[in-house]
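Structure, as structure tokens:
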Amino acid sequence: MALEAGIVGLPSSGKSTLFHALTRTESHGSGTEHVGMAQIPDDRLDRLAAVVGARKVTPAAVRVVDVQGTGPKLLGNLRQVDALLVVLDGFSGTRVPEDDLETLRLELLVADRDHVERRLERVAKQAKSGEARLKAEQAELERLLAHLDAGRTLAEWEGELPPELEPLTTKPLIPLVNGAAGIDLALEAELADLPPEEAAEFRGEGESALGEVVRRLVETLDLITFFTAGEKETRAWTLRRGSTALEAAGTVHSDLARGFIRCEVVRWDDLVAAGGHAEAARAGKQRLEGRTYVVEDGDVLNVRFNV
Ligand SMILES: Nc1nc2c(ncn2[C@@H]2O[C@H](COP(=O)(O)OP(=O)(O)OP(=O)(O)O)[C@@H](O)[C@H]2O)c(=O)[nH]1
Ligand SMILES: [Mg+2]
């Protein structure tokens, strides 16, 4: 399952424009939620693909969700995302981005408070049965509500939060000022519609502003990239830092995790320098690792499996 980022912001701040720029798909229409994939640019991938003569090249991607508007109910659609991209209007000249960020933090707080209150109502009803577990959850939710009503966030709660709660205020926030002082989303959305070569020509040397957004997202989620480099397909994958070879295998396919035997590992630059898998092996650059091996950024993995 790909990691997921939700886009939030005040009305007309440029949320759908960011969604379009990131995913190159439109976010219009009647639905309350649009989902797309944002590719993670990575120079290493093309160099690997060239060396192994890959027929297909697939970048890693993060899922992006654009919800229409704000308010507790709509923000509730974002309870399962891993991080929030906050779009702030810095282009119209009528807003103060720092103030809007504070407003948005408050909205998230209110959404979490409503969520806790609704859950408390439900659990309190069920707890009338006298079941100890429900009584305990009711008491915990009452303490949480008091904490929130004192103007504090769930991130400031000491101790464990009930796992079912899926709070918004504990998610990492990535603020983006939309405008000349930050990222010009209207321009990025236009560039996203151009063929990649033309967009690159327009940009010249500098890193794409959008690339910067994706980089911040990857950093915030603490992700690393590993590769699979085959002739049929060469592909980049993301993984939480500290994950094992077994978890990496599961990211590629559940069969690879189920039937995991061993894993050949070569660093991407060693593979490129050697000029191919066989050459890298002959040069002693390839090693065999087991399921508990902690995958490093830039590793090329070939999982040996048996199902
Ligand atoms: N000049 C300028 N206009 C922008 C920029 N970003 C967005 N806009 C315009 O602002 C308007 C709102 O942009 P959207 O991306 O639809 O904003 P939104 O946050 O999705 O709006 P809602 O979903 O209605 O809350 C559109 O007319 C955009 O063309 C920008 O960077 N510069
Ligand atoms: Mg929108």
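Order of appearance sets the numbers: ligands from 1, and atoms from 1 within every ligand.
Numbered from 1 in the order shown, with element, the atoms of ligand 1 that lie under 4.0 Å from a heavy atom of Asp184 read 31 (O). Those atoms of ligand 1 that come under 4.0 Å of a heavy atom in Leu185, given as number and element, are 31 (O).
Taking 4.0 Å as the cut-off, Ser12 counts as a neighbour of ligand 1 on heavy-atom distance. Residue contact annotation: Gly9 has no non-hydrogen atom under 4.0 Å from ligand 1.
At a heavy-atom distance under 4.0 Å, atoms from both the backbone and the side chain of Thr17 approach ligand 1.
Any N or O atom pair closer than 3.5 Å counts here, and Ala186 shares at least one such pair with ligand 1. Residue Gly14 has at least one N or O atom closer than 3.5 Å to an N or O atom of ligand 1. Taking only nitrogen or oxygen atoms, main chain and side chain alike, Asp66 does not reach within less than 3.5 Å of ligand 1.
Under 2.8 Å from the Mg ion (ligand 2) lies no N/O/S atom of Ser12, from backbone or side chain alike.
Between Arg118 and Glu121 there is no salt bridge, since no side-chain N of the basic residue sits under 4.0 Å from a carboxylate O of the acidic one. For the pair Arg240 and Glu247, the salt-bridge criterion is not met [side-chain N within less than 4.0 Å of a carboxylate O]. A salt bridge is defined here as a Lys NZ or Arg NE, NH1 or NH2 lying under 4.0 Å from an Asp or Glu carboxylate O, and Arg79 with Asp112 meets this definition.
Atom 16 (O) of ligand 1 has its nearest heavy-atom neighbour, among Ser13, Ala180, Ser16, in Ser16.
Of all non-hydrogen atoms in Val57 and Pro59, the two that sit nearest each other are O-CD, 3.8 Å.
Distance check: Leu134 CG to Gln126 CD gives 5.5 Å after rounding to the nearest 0.5 Å.
Side chain to side chain, Asp193 and His20 meet the donor-acceptor criterion of an N or O pair below 3.5 Å.
Ring-plane geometry between Phe19 and His34 is classed as tilted, the angle between the planes lying from 30 to 60 degrees on a 0 to 90 degree scale.
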